[in-house]
Amino acid sequence: PRSGPARAPQLLLAVLVVFALGKALQACLWAGLGERVVGDAGVAAVLRTAVLAALVLGLAFAARRGEWPELGWLVYPLVALGGVKLLLQDLREGRPATLVLSLALYGAVLVLAPRLLKPEVRAG
């Protein structure tokens with residue numbers, strides 16, 4: 001098993017895959033919802049928050065199940081990025097209805113991500 005600096009290529013690959021997945025999810029949402037997203041900055045901010053939340057929860061789940069611990073290393077930096085995004089984008093562009101959705105999504109990430117990262121306890 002690799003350790004330390006030998007894991008850097010896997011970490012870089014994980015970062016690139018997460019970025020590509022995020023952009024692909026966002027592009028699919030924009031293509032599917034079209035004018036509704038472009039016309040309302042609050043809705044666009046909520047959808048970006050939803051994409052980020054899905055990525056974080058997916059990474060936490062994959063890190064728990066898979067062979068790549070580097071995926072777990074990306075969870076908390078992405079959670080922090082989500083908090084900064086909420087402060088700089090959602091609070092500025094959102095209205096009450098969209099802010100409730102953004103804050104609910106972020107709250108779900110704050111509760112579920114650490115639980116998903118915990119190793120499974122096997123009875124035996």
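Here the structure is a predicted model, which means the values were calculated and not measured.
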Report task. Kindly write out the residues that satisfy salt bridge (Lys or Arg N to Asp or Glu O under 4.0 Å) with R95, not counting sequence neighbours, or none if the list is empty. Result -> D40
Report summary line: Using a 4.5 Å side-chain heavy-atom cut-off and chaining through intermediate ILVMFWY residues, the residues clustered with L16 come out as L12
Requested in this report: Can you sort out the partners of A44 under side-chain contact (heavy atoms from CB on, under 4.5 Å), two or more places apart, ordered by chain and number?
Outcome: W30, V37, R48
Query raised in the report: Side chains of V109 and L105: does their closest heavy-atom pair fall under 4.5 Å?
Result: no
Query raised in the report: Which atom names give the shortest non-hydrogen contact between E93 and A41, and what distance separates them?
Result: OE1-O, 3.6 Å
Query raised in the report: Are L55 and F19 linked, directly or through other ILVMFWY residues, by side chains that come within less than 4.5 angstrom of each other?
Result: no
Query - Close side-chain approach of L33 to V43, heavy-atom, < 4.5 Å - result: no
Report task. Indicate, with yes or no, if V15 and W73 share a hydrophobic cluster defined by side-chain heavy-atom contacts under 4.5 Å among Ile, Leu, Val, Met, Phe, Trp and Tyr. Result -> yes
Query - Separation between CG of L103 and OG1 of T98, rounded to the nearest 0.5 Å - result: 9.5 Å
Query raised in the report: With V100, which residues qualify under side-chain contact (heavy atoms from CB on, under 4.5 Å), at least two apart?
Result: none
Query raised in the report: Looking only at heavy atoms, what is the nearest atom pair of A113 and L57, with distance?
Result: N-CD2, 3.9 Å
Query raised in the report: Do L47 and L101 share a hydrophobic cluster, counting only Ile, Leu, Val, Met, Phe, Trp and Tyr and linking them when any side-chain heavy atoms are less than 4.5 Å apart?
Result: no
Query raised in the report: Other than V84, which residues form its hydrophobic cluster under the rule that side-chain heavy atoms must be closer than 4.5 Å?
Result: L88
Report task. Drop me the distance from L99's CG to R92's CZ, to the nearest 0.5 angstrom. Result -> 12.5 Å
Query raised in the report: Only one of V18, V79, L110 clears side-chain contact (heavy atoms from CB on, under 4.5 Å) with V56; which?
Result: V79
Report summary line: Applying side-chain contact (heavy atoms from CB on, under 4.5 Å) to L117 and not counting sequence neighbours gives A60, A63, V75, Y76
Requested in this report: First locate atom CG of L81, then atom CG of L74, and finally report the distance between them rounded to the nearest 0.5 Å.
Outcome: 11.5 Å
Requested in this report: Output every pair passing side-chain hydrogen bond (donor to acceptor under 3.5 Å, both in side chains) with a member in residues 100-115, not counting sequence neighbours, ordered by first then second residue.
Outcome: D90-S102
Query raised in the report: Quick one: side-chain contact (heavy atoms from CB on, under 4.5 Å) partners of F61, sequence neighbours excluded?
Result: R65, L116
Query - Partners meeting side-chain hydrogen bond (donor to acceptor under 3.5 Å, both in side chains) with Q26 (sequence neighbours left out) - result: none
Query raised in the report: Name the one of T49, L91, L78 that satisfies side-chain contact (heavy atoms from CB on, under 4.5 Å) with K85?
Result: T49
Query raised in the report: For E70, which residues count as a salt bridge (Lys or Arg N to Asp or Glu O under 4.0 Å) partner, sequence neighbours excluded?
Result: R7
Query raised in the report: With hydrophobic residues grouped by side-chain heavy-atom distances under 4.5 Å, do L52 and V46 end up in a single group?
Result: no
